[in-house]
Amino acid sequence: MEEQQDFVKDITKMSDDFDRWYTDVVRKAELADWSGVRGMMVVRPYGWAMWEAIQRAFDDMIKESGHENWAFPLLIPREFLMKEAEHVEGFAPEVAWVTKAGARMEELEDPLAVRPTSETIIGAIIKRYIQSHRDLPKLTNQWNSVVRWEMRSRLFLRSREFWWQEGHTFHASAQEGMDEANLILGYYRSIAEEWLAVPVLVGRKSPSETFPGAVYTLALEGLMRDGLALQMGTSHYFGQNFARAYDISFSNKDNERELCYSTSWGISTRMVGAIVMAHGDDSGLIVPPKVAPVQVVVVPIFRDADSRTKVEKFINSWAPELKAAGIRFRVDWRDERPGDKYAHWELKGVPLRLNVGGRDADAGQVEMVDRLSREKRSLPVAGLAQALEGELEKFQSRLFERAQAFQRANTFELGTLDEVIAHFRERGGFVWVQWCGDEAEEARVKTDAGGVTIRTIDESAKVSGQCFVCGRPAKMRVALAKAY
RNA sequence: CGGGCGGUAGCUUAGCUCGGAAAAGCGCCUGGUUUGGGACCAGGAGACCGCGAGUUCAAAUCUCGCCCGCCCGACCA
């Protein structure tokens, strides 16, 4: 531990102040920054590259299942926004409006909303393209940014603008719509667990946390290292609510007019914040190999021009092999001392580092250090690419297992509200309880237990006990947590 | 959006009480010695002191307004 502290100069220790640690890591690892405009962030290349990896993965998944990318307008006429009552009410506090335009800042006759999400404008537009059941399902998605006028900002977790994908689909039956919401939830789970190595609880949201206008909302909840939950994605089933408001209808096989069933779903750049908070440590980031902008960094070690040449030739003898294998690697030839480079790439969370000096060149091997254990091992250069691919896979699963173990160690089962209150006075994590479903009780828990909310409802669970608040027969099993 | 705190070089900060020549460490640049876990020597560059008004002979320093950030609350992908 003592030694490890010596590795770190630039960031607040996680145990001293988690929030400052988070901000330090995001900024020092060059993921993102504030822009000078309140609440508006700039995502830097290293952070954006992680988002791009997520984009690619998810885009492939939805294309495979027949979804298509569209681009819909940034600005939404007020009348479009106003049609679905619950939706309007839910988003009203967060909408930014364009009210003036032109050199003379002339007042617009009809203010335009900057999209906080696009259900309304897509609903208003998509109906043109839907006439018959033969036009369904209509599976749309767009990659964009949205604006929500937040009062409090944190990099990646809550900014006034954030980048995401929003999928909007339209179906001929309720079942199809519900299946779609489930399908996407499964994709999201795969992104979280298989790509980001963050284990998640998946389930339904309580009514108070349901998306405005939705019949129900499904969501992913990850557990961060400070014991707080983070919502990492949502998938909503709307039934016919939006179709009714926007008159999105089709002729069914019996030539009857019918309203569509719709869904929407999104994951955002918040995912990058989840990577930081689910895996990071006092030395900085730890990036899952599958989304790592740099998977393997090579630090050459040499004394003079001759030994540099020797090391360089050695590296060049196997580097093309890594490239051909599709490994994202970088050789750090910067004019720094090796120790600086070690610290630098650890802060950036690169999974594997190869220290390569004259001794290694002579022996035909490299010294490999992984970001999780920091143990040094020698690998022969024969078959290096293949070996590294295996190491990256192992790293990915070790990271996931570590996060799983953390989640397990911080998941509890309690029986009464008093126990819940006592628990959250001491620590965080997920607490499973059985609940009767009374909304007033949910609000009471939030007040009495200091901001604890129902993160997810496990619909598959059999319930037999008593409600943790009122003692009446419970109807569902829910996970409680304090959340971001 | 309310309450509290803050903004001085790329970063972290001192200076502000009590107005009077803008400082330090780290980082950066150049040269040299170095290089297997955050080196050293020498030289150098870099600051509309957040922005705008005001008070004053004189403002980083005092006053007011605004902008941006942090913490706490209410609200939240």
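By convention in this document, chain letters (A, B, ...) are assigned in the order of the sequence lines, proteins followed by strands, and residues within each chain are numbered from 1.
Rounded to the nearest Å, the gap between the C1' atom of B:G10 and that of B:C29 is 13 Å. B:A59 and B:G52 have their C1' atoms separated by 14 Å, given to the nearest Å. Rounded to whole Å, the separation between the P atoms of B:G25 and B:C18 comes to 30 Å. When the C1' atom is used for both B:G32 and B:G36, the distance is 23 Å, rounded to whole Å. Between the P atoms of B:C5 and B:C62, the separation comes to 14 Å (whole Å). Taking the P atoms as reference points, B:U55 lies 27 Å from B:U8, given to the whole Å. Taking atom C1' in both B:U63 and B:C41, one finds a spacing of 50 Å when rounded to whole Å. Rounded to whole Å, the separation between the C1' atoms of B:G19 and B:A24 comes to 23 Å.
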Got a list of protein N/O to nucleotides 71-74 of chain B N/O distances below 3.5 Å?
unit_1, atom_1, unit_2, atom_2, d
B:C72, OP2, A:R152, NH2, 2.5

Give me, pair by pair, the N or O atoms of the protein and of nucleotides 41-47 of chain B that are less than 3.5 Å apart, along with how far apart they are.
none

Enumerate all atom pairs, one protein N or O and one N or O from nucleotides 3-11 of chain B, separated by less than 3.5 Å.
none

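Within the shown strands, B:C64 is the pairing partner of B:G52 under the Watson-Crick or G-U definition, both distances less than 3.5 Å. Remark: B:G43 base-pairs with B:C29; criterion is Watson-Crick or G-U wobble with both hydrogen-bond distances under 3.5 Å. Summarising the base pairing, B:G73 is matched to B:C1 through a Watson-Crick or G-U wobble pair whose two defining distances lie under 3.5 Å. B:A21 is unpaired under the criterion used here, namely a Watson-Crick or G-U wobble arrangement in which both key atom distances are under 3.5 Å. Base pairing annotation: B:A59 forms no Watson-Crick or G-U wobble pair, as no partner gives both donor-acceptor distances under 3.5 Å.
The aromatic rings of A:W48 and A:W163 sit perpendicular to each other, their planes meeting at more than 60°, with 30° as the lower class boundary.
In this view, A:D362 and A:K310 satisfy the salt bridge (Lys or Arg N to Asp or Glu O under 4.0 Å) rule, not counting sequence neighbours. For A:S268, the side chain to side chain contact (heavy atoms under 4.5 Å, CB included) partners two or more places apart in sequence, or in a different chain, are A:F162, A:W164, A:R270. Under the side-chain hydrogen bond (donor to acceptor under 3.5 Å, both in side chains) criterion, A:D332 pairs with A:R334, A:W345, sequence neighbours left out. Judged as a side chain to side chain contact (heavy atoms under 4.5 Å, CB included), and not counting sequence neighbours, the contacts of A:P338 are A:V299, A:I301, A:Y342.
At a threshold of 4.0 angstrom between heavy atoms, the contacts of A:S159 include nucleobase atoms, whether or not backbone atoms are also involved. If you check every strand for non-hydrogen atoms under 4.0 Å, A:L157 touches a base. Within 4.0 Å (heavy atoms only), A:F302 reaches at least one base atom of the nucleic acid.
Listed by first and then second residue, the salt bridge (charged side-chain N to carboxylate O under 4.0 Å, His left out) pairs involving residues 216-232 of chain A are A:K205-A:E221, A:E221-A:R455 (not counting sequence neighbours).
Below the 3.5 angstrom threshold, one finds a donor paired with an acceptor across the side chain of A:E346 and the base of B:G37. Side-chain N/O atoms of A:R337 and base N/O atoms of B:U34 include a donor-acceptor pair closer than 3.5 Å.
For the segment residues 34-54 of chain A, residues with any heavy atom less than 4.0 angstrom from an atom of RNA chain B are, sorted by number, A:W34, A:G36, A:R38, A:G39. For RNA chain B, no neighbouring residue in residues 186-197 of chain A is found when judged by any heavy atom under 4.0 Å. Within residues 350-366 of chain A, the residues that place at least one heavy atom under 4.0 Å from RNA chain B are, in residue-number order, A:R353, A:N355, A:G357, A:G358, A:R359, A:D360.
A:D17 and A:T12 form no side-chain donor-acceptor contact under 3.5 Å, judged by distance and modelled atom types alone.
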Just list the side-chain donor-acceptor pairs under 3.5 Å for residues 113-122 of chain A, sequence neighbours left out, or say none.
unit_1, atom_1, unit_2, atom_2, d
A:R115, NE, A:S145, O, 2.9
A:R115, NH1, A:F72, O, 3.0
A:R115, NH1, A:P73, O, 3.3
A:R115, NH2, A:S145, O, 3.3
A:T117, OG1, A:E119, OE1, 2.5
A:S118, OG, A:Q142, NE2, 3.3
A:S118, OG, A:E166, OE1, 3.3
A:S118, OG, A:E166, OE2, 2.6
A:E119, OE2, A:S264, OG, 2.6

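Ranking B:U34, B:A77, B:G37 by closeness to the A:D335 side chain, first place goes to B:U34. Checking B:U35, B:G37, B:A77 against the side-chain heavy atoms of A:S268 singles out B:A77 as nearest.
Remark: of the listed residues A:K394, A:R377, A:R398, A:R398 is the sole one forming a salt bridge (charged side-chain N to carboxylate O under 4.0 Å, His left out) with A:D370.
A donor-acceptor contact shorter than 3.5 Å is absent between the side chain of A:E150 and the backbone of A:S153.
Across all their heavy atoms, A:L230 and A:A274 have their closest contact at CD2-CB, 3.6 Å.
Remark: ring of A:F162 overlaps the six-membered base ring of B:A77 in a stacked fashion, centroids less than 5.5 Å apart, planes less than 30° apart.
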